[in-house]
Amino acid sequence: MSLSDVSSNGNSYPQVLKVATYHALLSSDADLTMPVAAIESLVRALAAHPTSTISETLEYLKSLVETLTASVPNPISLSAGTDLFQRYLISSLQTRQAGSSTDFDMLRRHLINNARLFVQRAKDSRNIIAGFGKNFVRDGCTVLTAGGSRVVGALLKESASRSAVRFRVVYVLGQSETPGARPEGSDTVDALRAQGVPVATIGEGAVAYSLSQVDMVIVGAEGVVENGGAISRLGTYQIGLLAKAHSIPFYVVAESHKFVRLFPLGQYDLPIEQQVVEFKVENEKVVDELAKTVDLTKSSRGKRKLSNGPHAVDFTPPDLISGIITESGVLTPSAVSEELIKIWF
Amino acid sequence: MPGKGFRTPGLESFVDNLDEFKLERSTEVLIQLLARRQISGSKNCAIAVAGLLLRIVQDSPANSVQDLLDQVSQIGQRLIAAQPRELAVGNIVRRVLGLIREVSGIGQDDEIRSELSSMLDGQDGLNRPEMLHSISTYSPLRHAASEFTGASTPESPQPIKRPNFAQSGYSSFAMPSTKTAMNLFGLLAEPSYSPTGTPPITNRESPALSTKNLNIIQEQASIKETIQEIGDGMRELLDEVDLAAEQISESATDYINSNDMIMAQGLSDTTHKFLAEAARKRKFTVFVVEGEPNEGQATRNMILYGSAKSPSDDDGQEGTTKRLVDLGVNVVLIPDSAIFAIMSTVTKVLLAPQAVLANGGLVANVGTSMIAAAAQAHKVPVLALSGVYKLSPLYPLDTDELREIGSASGLGGSVGSWGKVNVMNPMWDYVEPEKVNLYITNLGGHAPSYLYRIVADHYDKEDINLGTDM
Amino acid sequence: MASQPTTSSEAPPSKSSEQSKSAESSAPPAASSSTAPVATATPEAPKLSGAELKKRAKAEKQAKRAAAKAGGQGDGHPEASQPKKDTPQKGSQKKGQQQPRQSAGAQQKGKQQSKGQEAGAVSQAKKEVDIPLRAAPKSTPDNRVFRQFSIYRRTSLENINKDVHPAVLAFGLQLSSYQICGSTARCIGMLKCFKSVIRDYTIPPDNTLARHFIPHCLSAQVEYIKSARPTSIGMGNAIRHLKDAIVKVDPEMPEADAKAHLLEVIDTFINERIRAADTVIVNAAVAKIKDGDIILTYANSSIIKKVLLAAHARGKKFITIVVDSKPLYEGKYLVQDLSNAGLETEYVLVAAIAHVMPRATKVLLGAHAMMADGRLFSRIGTAVVGLAAHERHIPCIVCCESYKFTERVYVDSYAGNELAPSEELLPHDSEREAWRREMEVKPQLQVLNLLYDLTPAEYVDMIVTELGNLPPSSVPAILRMLEGKAA
Amino acid sequence: MPAHSQKPEDEHDDPLQAVILTDCHENRFMPLTMQTPRCLLNLANIPLIDYTLHFLASAGVEHVYIVTSHFHEEVESHLETAGWNNDNSHFSRIECIRSQSESVGGVMRDLDQYGVLKNDFVVVYGDLISNLPLEEALSAHKKRREADKDAIMTMVLRESGTGSDSRREKAPVFVIDPKNDRCVHYEDMSPDKKEHFVSLDPDLLHDHQDMDIRADLIDCEVDIYTPDVLALWTDNFDFQTARQNFLYSVLKDYELNGKKIFTHVTTDYYAARARNLREYDTISKAIIERWVYPWTPDNNLCFGYNYQMTKGFRYKELDVRLARSCQIGPKTMIGNDTSAGEGTVIIGSVVGRRCIIGNNVTIENAYIWDDTVIRDGSHIKQAIVAKGCTIGKKCIIEPGALIATGVQVADNTTVKSSSRLTCIKRKRDDSGDFEPVTTDTKVVGVGGKGTEYSPDPDDEDEEDASLPHGLVYNLSHLTFSTESFSDPDDSFSDTSDIDPSQGRRNSTAGSIISLASDDDTSASERKSEIAFHNEAVAQLTDSLAKGDASDNMQLELTSLRMVTQASEHAMRRAIVASFMRHISSLVSDGTSIASAVTSTIKPHQALLNRNIFDKEKASKVDQVDLLLLLQSDLSKRLDGDAILLRVTHELVNLDVVEAEGIEQWWNDERSVASKEVTRLREKTRQLVDYLLRDSSEDEDDEDEDESD
């Protein structure tokens with residue numbers, strides 16, 4: 001499709017701008033999470049957009065969000081951000097004497113002025129998590145983790161910084177998709193080793209084998225969904241299953257702004273369509289979906305195709321999760337839904 | 001004989017002396033009693049602590065609720081330190097703090113928060129803007145304005161001892177309540193009080209300040225009756241602790257049917273009342289697991305005399321409670337080893353936790369986890385009877401640290417007779433949430449997964465990290 | 001109140017002994033005849049009734065055993081059981097008074113009657129294998145537990161069959177006092193006694209060993225041993241083995257040779273099925289112990305002790321955690337012996353299993369018997385240990401000589417279990433006294449002291465036998481093999 | 001104890017009082033106790049006296065009087081700092097009484113003078129560590145007191161398990177009337193005493209139907225006194241010690257004073273006194289292993305401590321800095337602000353506060369007190385390093401060494417085992433204050449500070465030679481087989497071929513020494529052998545006395561044997577020992593040797609036969625062995641030679657031993673191994689010759705295949 005019909009109100013310039021902004025932001029700042037990037041780009045767009053009335057703004061935002069989600073292969077965690085933003089607008093408008101324009105301007109100004117602050121907060125919340133999440137790592141224990149989650153990385157580094165605690169890490173490294181590139185998480189491994197933490201790196205195949213010497217599993221998540229389950233890098237689900245089988249605690253670490261209003265019933269009930277399981281017969285070549293998804297023009301509304309690339313995710317059901325570590329403490333999966341419910345109702 | 005004899009210090013002596021000793025002395029004494037385990041058992045601890053705190057509140061010189069809070073939380077932390085594994089102590093302290101906030105409506109007083117957060121920023125690298133945001137669950141007046149009242153300058157009084165998680169077996173448990181709902185928004189909230197110190201928006205600030213000042217004024221005015229009110233609240237709390245067992249037992253008949261085969265882990269006061277109540281309408285059998293080495297004697301006495309003490313050391317006034325056998329219950333005493341053998345005939349298992357944790361797990365006398373496991377293996381429902389005061393807002397990070405390890409001489413023989421053998425006598429067990437089917441509290445029955453909610457309703461977020469380190 | 005058990009007990013015996021396992025025709029009359037006087041005797045003198053009850057109980061037991069035995073060898077049974085039926089009757093009269101002084105905690109005259117009653121009540125109760133509806137109001141389901149087994153423990157040498165050999169007498173006492181404990185020790189001990197019995201036995205003129213020995217001599221010993229403590233499965237197998245041999249003895253064979261042959265048979269059984277088996281098992285099991293292992297074991301199994309000591313002797317570095325429990329606290333002996341041998345040991349009670357199991361790397365268990373479906377029948381508490389190990393995926397190894405295998409299959413721990421006197425659970429004499437008094441007046445108060453429990457096959461990962469290491473599932477296969485050998 | 005029965009006030013009407021004796025004259029801990037009284041030494045990083053005070057506090061004591069002498073000020077200032085005597089403490093009164101007297105007796109008389117102790121009170125020592133509840137004892141005492149004015153005193157005793165630790169140096173024997181717990185006789189039996197018997201006043205025997213004679217009681221000298229006791233002390237001004245003098249004689253002349261003394265025996269609680277270094281060691285271990293719960297480090301009873309326990313009895317305070325590669329072994333305790341470097345290993349040790357431990361240091365079963373510095377690569381094993389010491393690089397502190405406050409050991413120095421270093425000594429003048437010593441570089445190395453401690457001459461005499469000093473020493477000279485109580489001369493028959501100290505060590509296992517030696521299995525086997533032997537001999541002797549059937553004896557024996565897996569040799573030794581003992585006792589009662597022998601052997605030939613398995617074999621090892629055992633056993637006994645003759649003769653008659661057996665024995669060089677055994681067998685010669693002349697044998701196998 002062409003850019004022009006992306007937005008409802010014809011004015012396409014900001015769209016491109018802000019979609020670009022989004023990617024720019026992501027690439028510019030390594031530890032910026034998708035939801036926050038989304039929020040920030042929304043804010044910027046808002047700033048650029050001289051809307052006056054509330055309804056108009058909301059309308060406009062909606063369209064922005066759509067474009068944005070349309071623009072990325074895997075919009076799950078992104079949508080967490082955008083949803084949050086929209087809900088915040090609405091709810092805070094409601095709490096005020098609704099409609100009074102001064103209030104609205106106030107709010108708008110607040111948002112615009114503090115764009116950086118939000119980002120800052122997001123990063124802070126990661127530190128907070130690291131700050132007390134580290135208490136899960138006890139002296140002499142062995143932690144198994146997987147994927148390139150920055151929160152988990154931060155958490156482990158934080159723990160490593162405490163002399164009182166000596167622990168070991170088993171790091172599950174998937175094979176890197178693009179040959180040559182190091183699998184995600186390698187830098188965390190290096191960082192930990194640099195801090196003197198003994199780290200073992202194993203392939204995804206060796207998880208079950210190594211579990212018997214592991215005391216706990218800590219993984220990150222792209223999104224935490226309504227039933228308390230987690231959507232995370234492909235392979236997390238199986239680790240969860242194995243941990244359960246060995247009755248080893250399985251913790252998911254996620255900032256609360258990654259809570260998504262989503263209720264997947266299973267692996268294939270995610271808003272994205274992944275070609276993880278691909279049946280082939282000889283000399284039938286699979287099109288490299290990944291290449292396509294990256295450029296916008298190819299992408300269609302609704303479900304996006306996504307092959308077993310770095311973005312492939314799976315869904316870990318709540319019954320496998322012992323606790324979700326957020327910046328405001330440990331939540332049982334059951335508590336998550338309440339959280340989300342509160343935002344939306 | 002003890003009548004005119006000397007009496008070993010304990011709950012009774014403490015309560016008796018509470019009124020005549022100086023407050024400081026009572027505190028010291030209580031701390032020692034807790035440390036020496038001369039007051040033990042969640043109920044006794046709860047009563048003792050509540051008693052002391054009540055006294056503190058009553059004759060506190062505090063001329064502001066804030067002072068009161070500080071005073072209570074300081075003493076509270078020392079009490080917790082004295083017996084960190086007895087979670088009931090901490091629970092009561094937190095309940096009281098929460099109560100004070102509720103009554104005084106100081107729930108959204110920013111000083112505490114800013115001070116608290118500042119301490120958190122400062123020392124733990126934790127800063128949680130959203131915390132400043134949170135409204136006490138107790139706060140009756142949840143006016144939206146509160147959400148904007150920002151702390152201009154945190155004038156922090158004496159720093160509260162920093163929650164040093166490194167050693168603590170616990171971590172705070174999130175309070176999924178309106179406040180955490182807000183903290184999802186924390187990201188986007190008004191920046192006025194953010195550590196990054198973006199200049200606050202002026203015309204937002206003024207009303208906030210005014211409201212705040214207002215608060216303080218009316219505080220000082222009303223401090224006396226506030227304290228009065230708090231006192232009443234605490235008496236209610238005491239009653240709750242006292243009556244928990246009865247209240248729980250009221251629902252007994254909903255859970256126990258005729259010809260049930262119950263397995264009970266020991267015969268705690270609560271369990272006993274529960275079964276006794278059920279026995280009035282139903283005819284059933286209870287297998288009482290003895291609970292050697294630590295609980296055996298008490299259990300046997302409970303069966304035989306209806307009181308944990310044998311009449312000999314209870315000078316003559318046994319039978320205060322009616323024994324189960326007299327109520328027509330079939331009581332079968334079994335040793336711990338027989339659990340698995342018996343379980344195949346058991347229809348329900350009753351546990352009596354020392355403490356219940358926010359994740360739905362529980363801490364109880366040693367052997368409980370074995371029973372729970374056996375029950376699970378036989379698909380027998382496991383019910384845990386627990387007063388709400390046993391319900392702690394803490395999340396078990398390291399289950400080993402929840403466990404009290406007692407003296408090996410409980411296993412008989414003296415040091416020498418064991419030679420080089422390492423003899424261990426753990427006294428408590430931790431039972432994972434998934435092994436418990438139902439919690440029966442004085443509020444009714446709850447699934448383990450729902451306990452977080454009850455925690456949220458009973459504790460104020462500020463108090464959760466209170467001295468968990470010691 | 002006190003006479004309650006007796007009154008409710010007229011009917012049961014006859015019907016019970018009908019469906020008492022291998023009962024055959026001759027038993028019931030014997031039993032009921034012996035009970036007849038009791039029924040009348042009971043009301044006026046509770047003291048008597050106690051004694052009477054015991055007597056009847058005993059008589060029945062003997063009748064039943066006679067029956068059971070009859071299965072074993074053809075005729076000659078009636079006259080065998082005849083004398084036995086009345087010896088106890090006069091005897092147990094005395095026994096009423098006798099009992100108290102024998103019982104573990106020294107007790108005074110005051111208790112006699114009640115004492116007798118308790119034993120009586122139980123032994124009478126145990127006859128009702130099913131719960132007759134009639135009894136339902138009085139007896140709630142759990143009584144089933146008690147009705148099944150004999151709690152009868154001979155603690156004295158009063159009024160026993162005159163044929164019982166002195167060696168066997170002494171042995172019996174050691175059994176009932178747990179001085180000889182553990183299925184292997186018991187089995188060897190028994191066989192040794194039998195040897196002296198055989199030695200001192202002379203075939204009466206115009207009779208053959210094959211026909212005379214079992215009914216007139218051996219059975220008396222077996223009865224007595226059983227009366228001291230129910231025989232273990234291993235002992236049962238051993239006895240059967242011996243009986244087979246005896247029956248096979250050629251009538252023509254001169255007495256000396258025959259006896260020599262039997263002694264030989266016994267020796268080979270001890271040496272091959274037990275001693276040699278043990279050494280094989282020990283080697284196999286030791287091979288499974290690696291340096292740095294933390295071995296967890298329960299109670300005190302002779303074979304496990306051998307394994308651990310051997311492993312230590314061969315220089316393996318490992319820690320042993322001994323888990324123990326009421327009523328016998330056997331683990332204390334094990335842990336002491338191990339620690340004396342220089343092993344690093346830890347000791348906890350079974351309640352604390354959740355604390356120690358996570359550290360363990362292997363679980364070693366001894367066996368009382370292996371059921372045909374691969375379940376492990378062993379000291380009470382073993383099941384919990386097995387469960388805990390299973391929960392944490394810690395390999396659970398059972399060491400068991402094949403002579404303890406049995407075709408029998410139980411589904412729960414009640415079947416075939418042994419109920420020990422409840423006093424053994426109570427620490428002090430004073431407390432025992434209090435409970436005993438209480439339990440008389442309150443039948444709904446009970447103390448259950450089972451000695452064994454049944455561990456599900458899935459909790460066991462490996463069984464080490466002299467025939468190799470096998471999964472529980474192939475126990476029946478072994479049984480077949482053994483049958484094959486025997487035949 | 002229930003409250004309702006009692007108004008709080010009466011606690012103030014008659015408060016429970018207690019006296020703590022902090023004995024001043026103390027050499028066993030020298031030089032550690034030069035400047036600090038023993039009661040202030042740290043045990044598991046807490047001053048001893050605090051345990052005692054907590055013990056009293058938990059018992060509900062309200063007034064405490066601490067009797068001090070030289071170290072009055074130190075004790076007082078400690079009470080100050082530890083907050084015992086501020087007005088919030090549990091004791092409504094706590095007071096230090098200075099007493100010049102050197103003996104308990106003196107102190108008691110002073111107390112009587114002082115006259116503060118109006119009602120019953122508890123007397124303990126300042127080094128008591130115990131968690132036993134006094135309540136029962138107190139109320140029992142009270143009861144008796146009301147019933148009988150003369151029930152003046154109750155001693156609280158603890159039952160030791162077999163081979164308990166706190167029992168090494170003293171073996172008090174209490175004779176107790178089980179009916180009313182009254183103690184009717186006391187005798188102090190120290191193991192080094194040669195005569196091991198209690199002499200009872202015959203009158204006791206008809207005054208009391210049954211009496212327990214107990215040597216298994218650990219006496220921590222926790223007593224409940226009535227004021228009369230003080231009076232009694234004053235009356236008998238010559239009494240010095242509380243037990244040997246006071247208790248012993250008060251009981252002895254009961255007729256005169258009519259005072260009754262009672263005992264209260266507790267089973268499963270802990271009570272011990274740190275009287276010497278080895279007890280210090282065992283108690284520390286006991287505390288770490290939580291025997292004294294709730295007196296455990298992580299209960300932080302004393303103010304200002306914050307220990308946490310992790311798996312394997314590892315205790316750390318909040319602020320302990322450990323390098324990543326540093327290993328903390330089990331049963332270890334480390335105080336605040338202590339840091340340990342890379343590659344350092346600390347096992348089974350107690351390390352105080354503010355210590356600095358370098359890299360690659362090994363500390364094993366040692367006690368490092370506060371503020372000590374240990375430089376890289378040093379090894380410390382089973383030693384005590386007191387406050388503020390410095391151990392240089394690559395030093396080796398050998399087991400048993402004692403390094404007193406302030407000593408500095410230079411690099412690469414080896415401190416010899418059981419040497420005691422100090423850097424101060426008492427001034428020659430009697431001012432009692434101290435002066436620095438001249439450093440002996442041979443001991444502490446060049447650049448070190450301190451020298452070997454030499455006990456002051458005026459202390460020498462008070463040193464009890466038999467008492468051990470160091471942490472490590474050979475216990476053998478202190479040990480006595482349980483049997484030797486009943487019958488001294490038999491203790492030889494064990495020692496003859498087994499060194500009991502070997503066995504003993506295991507029973508003292510847990511003490512430092514055992515760690516050193518226990519790993520060799522030989523020791524443990526011997527241990528079990530001894531165990532078997534003593535057990536068996538005991539069993540057999542009394543069944544002999546009772547005249548049991550030999551069948552039962554055999555069964556007893558075999559069952560016993562199944563437990564201990566004793567060798568056949570051991571069986572025989574047991575039999576021989578018991579038989580011979582029986583015989584000689586008969587003989588000493590005046591029976592003729594001949595009849596004594598026959599009466600003993602004949603009924604039990606079966607038993608003997610069952611333990612001889614070589615009837616068929618050509619070489620009669622077992623028989624020879626039996627005879628040799630006889631020989632060696634009898635060589636210790638009165639006219640053993642005559643008995644030997646009789647016995648051999650009897651044995652041959654009964655065909656227990658065959659002629660070949662005798663022959664082989666006779667020709668066995670072991671039978672002439674030593675002079676007296678040779679002498680012993682002379683009498684038997686003619687018998688042998690006679691036998692060898694006509695070796696007519698008749699077959700008989702008696703129950704032979706009883707063998708296993």
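Heavy atoms only: backbone and side chains are in, while hydrogens, waters and symmetry mates are out. Naming: A, B, ... by sequence-line order, numbering from 1 per chain.
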Next item on the list: Name the option with the most non-hydrogen atom pairs under 4.5 Å to chain B; the candidates are C/Tyr347, C/Tyr452, C/Tyr298.
Entry: C/Tyr347
Item checked: Residue selection (most heavy-atom pairs with chain C, distance under 4.5 Å) from B/Val421, B/Asn425, B/Asp326 -> B/Val421
Check: B/Val329 versus chain C, heavy atoms under 4.5 Å apart: side chain, backbone, both or neither?
Finding: backbone
Item checked: Side chain, backbone, both or neither of C/Leu387 within contact of chain B (heavy atoms, under 4.5 Å) -> side chain
Notebook entry, point to check: With no hydrogens and no angle check, is any side-chain donor or acceptor of B/Lys348 less than 3.5 Å from a backbone partner on B/Met261?
Noted result: no
Next item on the list: Find out whether the Lys NZ or Arg CZ of C/Lys316 is both under 6.0 angstrom from the six-membered ring centre of C/Phe318 and within 45° of the ring's axis.
Entry: no
Checklist line | Residue part contacting chain C, namely of B/Asn365, when any heavy atom lies under 4.5 Å | finding: neither
Notebook entry, point to check: Could you state the interatomic distance from CD1 (C/Ile353) to CZ (C/Arg392), rounded to the nearest 0.5 Å?
Noted result: 8.0 Å
Margin query: Taking side chain as everything from C-beta outward and backbone as N, CA, C, O, which of these in C/Ala354 sits under 4.5 Å from a heavy atom of chain B? Side chain, backbone, both or neither.
Written below: both
Check: Going by an N to O cut-off under 4.0 Å, is there a salt bridge joining B/Asp260 and B/Arg282?
Finding: no
Margin query: Please identify, among C/Leu338, C/Asp453, C/Val384, the residue contributing the most non-hydrogen atom pairs under 4.5 Å to chain B.
Written below: C/Val384
Check: Can you say whether B/Arg403 sits under 4.5 Å from chain C via the side chain, the backbone, both, or neither, judging by heavy atoms?
Finding: side chain
Note to self: Does either side chain, that of C/Tyr178 or that of C/Glu424, offer a donor lying less than 3.5 Å from an acceptor on the other one?
What the structure shows: yes
Notebook entry, point to check: Which bit of C/Ser325 is near chain B, if near means a heavy-atom gap under 4.5 Å: side chain, backbone, both or neither?
Noted result: side chain
Margin query: Distance check, rounded to the nearest 0.5 Å: B/Ser369 atom OG versus B/Asp429 atom CG?
Written below: 4.0 Å
Note to self: Taking C/Arg375's backbone N and O only, do any of them form a donor-acceptor pair with C/Asp373's side chain (distance below 3.5 Å, no angle check)?
What the structure shows: yes
Item checked: Residue among B/Met424, B/Arg300, B/Met427 with most heavy-atom pairs under 4.5 Å to chain C -> B/Arg300
Next item on the list: Under 4.5 Å heavy-atom distance to chain C, tell me which part of B/Ile303 shows up: side chain, backbone, both or neither.
Entry: side chain
Item checked: Proximal component of C/Leu454, with respect to chain B [non-hydrogen, under 4.5 Å] -> backbone
Notebook entry, point to check: Do C/Arg436 and C/Glu423 sit within salt-bridge range, that is, some charged N less than 4.0 Å from a carboxylate O?
Noted result: no
